[in-house]
Amino acid sequence: MLQAEEERELRLKRNEETLRELSDSIRRCNIRLIGIPEGEEKEKGAEGLFKEIIAENFPNLGREMELQVTEANRSPNFINTRRPTPRHIVVKLAKVNNNEKILRAARQKKITYKGNPIRLSADFSGETLQARRHWNEIFKTLKDKNLQPSILYPVKISFKYDGEIKTFPDKQNLREFITTKPPLQEMLRKKLIPEKSKKGKGLQNPEQRR
Amino acid sequence: MLQAEEERELRLKRNEETLRELSDSIRRCNIRLIGIPEGEEKEKGAEGLFKEIIAENFPNLGREMELQVTEANRSPNFINTRRPTPRHIVVKLAKVNNNEKILRAARQKKITYKGNPIRLSADFSGETLQARRHWNEIFKTLKDKNLQPSILYPVKISFKYDGEIKTFPDKQNLREFITTKPPLQEMLRKKLIPEKSKKGKGLQNPEQRR
Amino acid sequence: MLQAEEERELRLKRNEETLRELSDSIRRCNIRLIGIPEGEEKEKGAEGLFKEIIAENFPNLGREMELQVTEANRSPNFINTRRPTPRHIVVKLAKVNNNEKILRAARQKKITYKGNPIRLSADFSGETLQARRHWNEIFKTLKDKNLQPSILYPVKISFKYDGEIKTFPDKQNLREFITTKPPLQEMLRKKLIPEKSKKGKGLQNPEQRR
């Protein structure tokens with residue numbers, strides 16, 4: 001590759017990363033409601049629906065914080081008739097803090113709406129979402145072995161090993177770490193085989209989300 | 001074109017699209033006040049001016065919603081002495097919802113400030129603004145024929161045909177649709193002649209706005 | 001360079017600029033607290049700490065405006081043990097206006113926390129921060145000569161000359177201006193020698209901030 005080309009390649013990559021960081025940072029105030037049947041928001045609006053869900057599932061939280069909602073909408077805007085699942089409702093809160101409190105509480109219990117299970121989730125750019133999914137198998141293995149894994153914002157994995165919490169930003173880091181830890185190596189080796197280099201992946205279309 | 005080049009082309013395009021989406025989404029809370037003489041905001045500030053305009057033109061709306069303004073400024077920051085028209089005032093509201101209510105109401109009536117007509121408009125990235133302008137002629141034709149067209153957020157056109165509301169994301173889609181509808185073809189053919197491919201158009205400088 | 005390449009170069013540059021503008025505009029509601037020892041926020045939270053600092057240093061300001069804080073956090077998220085200085089605390093306010101009032105007031109006096117000096121600063125993208133630093137030497141020279149310079153948002157310099165305030169967006173503009181002003185030329189010439197063209201600089205990693 002020529003030098004000019006290499007430089008352009010680098011700038012392109014930097015743009016992609018900055019874009020992804022921007023997209024994620026804008027989404028930090030958002031919560032996704034997953035599994036609410038289409039049309040349920042007709043009467044009281046998506047914002048009213050969200051407040052009702054918080055009041056029902058987290059009565060203490062709802063009382064203690066002032067829930068200021070900036071925006072609440074189905075996303076995407078239009079129904080895709082080929083999708084069997086309802087669209088997510090995306091709720092933007094005025095305070096990131098409240099968002100985090102709610103998501104933390106949501107991880108501790110089953111959430112329901114009118115008796116049916118629903119999910120509350122953080123909101124990520126398409127790219128980050130996909131990168132997080134790359135940890136899925138490793139996460140499951142670590143959980144099965146009681147190593148208390150968790151996926152950290154935006155795309156890190158952490159788990160307990162030898163009494164310490166270890167954090168890894170990507171597979172390469174984890175791969176290097178386990179070379180000197182035979183039990184971990186045994187456990188994770190197959191899940192950490194390097195993927196063929198995927199050139200030009202860049203930012204994905206957020207459509208893939210659903 | 002080499003494969004590496006093609007890939008880079010694709011990534012560049014994806015970045016441009018994501019940037020445009022981000023720019024538009026950040027602008028979704030904004031309203032533009034167009035036609036207010038320079039200096040009018042000196043006394044009560046741009047925010048006070050906006051609230052006064054809402055109170056005068058939409059007395060009901062103003063009473064029913066709590067108008068939380070995040071920011072209100074002339075844009076651009078500096079006066080360009082070669083421009084004969086006053087700069088826009090850009091108002092950022094805390095709630096997208098209120099923004100939409102105001103813009104919807106503004107489409108139904110003539111807005112005035114101190115007796116002179118002014119305009120309220122949504123805020124778009126330079127690129128989206130230009131893409132919306134591409135519908136202008138078609139919009140006029142459809143309106144003349146009473147097909148009740150409207151431009152949807154951010155760059156779609158919709159109109160009523162055969163008792164149904166049809167929506168099109170771009171000219172190519174509309175072109176394909178009319179091939180089987182002779183009356184529409186008659187009406188729109190000339191307005192839909194493919195433009196010469198404009199390579200490398202990308203994101204435009206927002207300066208072109210005024 | 002081929003035409004296709006030139007076009008891609010242009011689009012890349014446009015993307016970088018739009019990204020930088022977006023990054024800066026998102027940061028416009030932020031204030032950075034610099035010099036607060038790590039851990040001070042444990043008890044009352046970063047938001048509480050910020051409000052205390054405002055109340056102590058700007059009693060009038062604090063009383064007159066309603067300080068709505070959207071988010072307050074150490075940045076970056078994790079401590080880098082090789083850095084001897086505490087991480088900044090980044091505070092996002094709901095109103096850009098209040099942000100500007102505070103920063104203006106902060107330029108007029110020494111700010112302290114528990115008797116120790118701290119700094120309040122605006123928040124910029126890594127690129128803008130670096131571009132502003134390019135004015136540093138010229139700023140100092142102008143200040144020494146009592147020309148009352150100031151750095152304007154995001155990367156302009158202004159100073160008083162012949163009783164008028166002059167503003168320059170970049171060194172090239174300033175260079176052209178001084179060609180007809182021998183005293184300024186004498187003062188600034190050495191500080192304005194064109195740097196070797198730095199191709200492919202693009203957006204910098206925000207890490208460089210600290």
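Computed over heavy atoms, backbone and side chain alike; hydrogens, waters and symmetry mates excluded. Computed from a predicted structure; not experimentally measured.
Both the backbone and the side chain of A/Leu12 have a heavy atom closer than 4.5 Å to some heavy atom of chain B. Residue contact with chain A, scored on non-hydrogen atoms closer than 4.5 Å, involves the side chain of B/Leu22 exclusively. Proximity to chain A (any heavy atom under 4.5 Å) is restricted, for B/Ile26, to the side chain, taken from C-beta onward. With a threshold of 4.5 angstrom between heavy atoms, B/Lys13 does not approach chain A through any atom at all.
In terms of heavy-atom pairs under 4.5 Å with chain A, the best-connected choice from B/Thr167, B/Asn98, B/Leu93, B/Val96 is B/Val96.
Taking the ring axis of B/Phe124 as reference, the NZ or CZ atom of B/Arg28 does not stay both within 45° of it and closer than 6.0 Å to the ring centre. Stacking of A/Lys109 on the aromatic ring of A/Phe58 is recorded, both the 6.0 Å distance cut-off and the 45° axial limit being met.
Heavy-atom neighbours of A/Lys143 NZ from other residues, nucleotides or ligands within 6.0 Å: at or below the threshold of 12.
Using modelled atom types, one side-chain atom of A/Asp170 and one backbone atom of A/Gln172 make a donor-acceptor pair closer than 3.5 Å.
The list of ring-ring contact (aromatic ring centres under 6.0 Å, His included) pairs with a residue in residues 170-191 of chain B, not counting sequence neighbours, reads B/Phe168-B/Phe177.
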